[in-house]
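Letters A, B, ... mirror the listed sequences (proteins, then strands); counts begin at 1.
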2 protein chains.
Amino acid sequence: MSIDIAELLPLNRCGTCPIRHRALCSVADDKALKALNQISRRTRFEAGQTIMSEEAPVDFVGNVVSGVVKLTKITPDGREQIVGLLFPSDFVGRTFADSSAFSAEAATDVELCCLQKPGFERILADHRDLEHKLLIDTLDELDAAREWMLLLGCKTAAEKIASFLLMLVRRAFNTGCGQDPPPNQLVFELPVSRADMAGYLGMAVETVSRQLSQLKADGVIRLVDVQHFLVKDLGRLAEIAGQEPPVYVEDAEFETRRY
Amino acid sequence: MSIDIAELLPLNRCGTCPIRHRALCSVADDKALKALNQISRRTRFEAGQTIMSEEAPVDFVGNVVSGVVKLTKITPDGREQIVGLLFPSDFVGRTFADSSAFSAEAATDVELCCLQKPGFERILADHRDLEHKLLIDTLDELDAAREWMLLLGCKTAAEKIASFLLMLVRRAFNTGCGQDPPPNQLVFELPVSRADMAGYLGMAVETVSRQLSQLKADGVIRLVDVQHFLVKDLGRLAEIAGQEPPVYVEDAEFETRRY
DNA sequence: CGACATGTTGAACCTCATCAACCGACGTGG
DNA sequence: CCACGTCGGTTGATGAGGTTCAACATGTCG
């Protein structure tokens, strides 16, 4: 009785994938996983590279494995709004349509698990669980988008920045996956440039910078370096953002709620 | 050989339903339709009434049959942002979760086709087509939400108003359903109050009023009465909104794209 | 080391929110 | 029937918050 290594290989590939337990594939059984493997390819994009462009048809979708992807839309006269930031395990692209209404661009260096669209849609058809999970994720994404509308529509600059930082804190809390130590040192990464923060929050870079300085001056945070901040007063930060302070959950593996 | 009238009744009820061809049920076969009928109830809400409130669990979802529903979220200090306007055939409520993150309120008098949540989710499980359609609709909704983020994030007051009017024009163009004459008279309804427009567009009522007056002064529109406007220059309107002008489609029955 | 990108800080301007007065429509009660 | 209050909408005056323009600082890469 022998074991067919080739048969197991694809499963192992996914087995070591960092987003295996959170992305769409978390609900895939062995059969579905093998099918996904056959149409998937890990691709790297450098910061600044365009992954897919609005108006141009795209023949693949994907999952963010590492890095941050920004979804953007540009007004006819050139202003750019970031309508979504996608983090590891998030889904990129528009299923069941030829093109996306938005461009996707690598905000940092990005690894993407790319899936050919026709193949992917066939797999969705064959595996209800996957399609169901996609529906759930899309509903969460919609809630998150609407939450962001609240921010864009009626929050002040200070509230916006605080909300953004808080979102990063929440993300860090919820993706600990047990392998990282609990963040008693409350240092977090600012994964994107000031310009991208500005684009996401609907304000000017200068205002972003000023508000960060203000939070620093008020002793709410400290800027370790340009890409890392330390939270000195989480309560105050949450208060400024107009939200409840987040709580660290020990094992956040299955904490899928989005912020 | 006799016909069981009771058997046919539910189908007839839906048969005369104005949103039968556009809502979720458009993909329901007779069997699914009968199942939906058994858990559905047409309910009326008066303008201003709360349909469901964030934080409070809700045991039903629904489809807007007539009227306009606003989805709102309130900041801790009382500012209200409207994160979505739902028109006839749009879906209300959050499937696969106990409560919605947003409140739904009748912006006008509303007729809602209410469906008990547990029953509805069972029907989704039994009828893939329905769940698939829900996925497609949710994806469209997400695109629309992101489109709105562009508006909230980087458009001026004038652009916002123009975009809003244009959205109403598009809706009217796309839901003609052949029964209404093509709108050679370009008169459209403002289905919500100035306050709700303001809440949706993220600006003050006064600004809404002023911008409407400005469009009037510029000869782009005319205010027939407080709830109806006539478009005198569609091209200009689209230009101000920063979009392509919409085109009237003869038979828009299956035009499901959202704006 | 200089060149270029990215981030910060300062000053002037402008859009829009805010406060306030006013108008017309509507409903109620005297 | 008219006086009255209320509510939704419009218009005017004022000021604050945030954009814009500009200079400067910092960091990175050849």
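Between the CG atom of B/D196 and the P atom of D/dG8 there is a distance of 10 Å, rounded to whole Å. Note: CD (B/Q227) to C1' (D/dT10) measures 16 Å, nearest angstrom. Here the C1' atom of nucleotide D/dT11 and the CG atom of B/L223 are 14 Å apart, to the nearest Å. One atom, CD of B/Q214, and another, P of D/dT10, lie 14 Å apart when rounded to the nearest Å. As rounded to whole Å, 15 Å separates atom C1' of D/dT10 from atom CG of B/D225. Distance, B/I161 CD1 to D/dT10 C1': 13 Å, rounded to whole Å. Nucleotide C/dA25 holds its C1' atom 14 Å from the CZ atom of B/R194, rounded to whole Å.
Contacts of A/S213 classified as side chain to side chain donor-acceptor pair (under 3.5 Å), with partners at least two apart in sequence or in another chain: none. In this view, A/E111 and A/R42, A/S66 satisfy the side chain to side chain donor-acceptor pair (under 3.5 Å) rule, not counting sequence neighbours. Every residue two or more places apart in sequence or in another chain was checked for a side chain to side chain donor-acceptor pair (under 3.5 Å) with A/S100, and none qualifies. With sequence neighbours excluded, the residues that form a side chain to side chain donor-acceptor pair (under 3.5 Å) with B/D218 are B/Q214. Contacts of B/E55 classified as side-chain contact (heavy atoms from CB on, under 4.5 Å), with partners at least two apart in sequence or in another chain: none.
A donor-acceptor pair is defined here as one N or O able to donate and one able to accept, closer than 3.5 Å; no such pair exists between the side chain of A/S99 and the backbone of A/A56.
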Which atom pairs, donor and acceptor, lie under 3.5 Å between side-chain atoms of residues 160-169 of chain A and protein residues at least two apart or in another chain?
residue : atom : partner : partner atom : Å
A/K160  : NZ   : A/L201  : O            : 3.1
A/K160  : NZ   : A/G202  : O            : 3.4
A/S163  : OG   : A/K155  : NZ           : 3.2
A/S163  : OG   : A/E159  : O            : 2.7

Tabulate below the donor-acceptor pairs under 3.5 Å that side-chain atoms of residues 227-241 of chain A make, not counting sequence neighbours, or state none.
residue : atom : partner : partner atom : Å
A/D233  : OD1  : A/G235  : N            : 3.3
A/D233  : OD1  : A/R236  : N            : 3.0

How does each nucleotide of nucleotides 13-30 of chain D score, in 5' to 3' order, for protein heavy atoms under 4.0 Å: base (B), sugar-phosphate only (S), or none (-)? B----SBBB---------
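Contact check of residues 67-82 of chain B against DNA chain C (heavy atom, cut-off under 4.0 Å) returns no residues at all.
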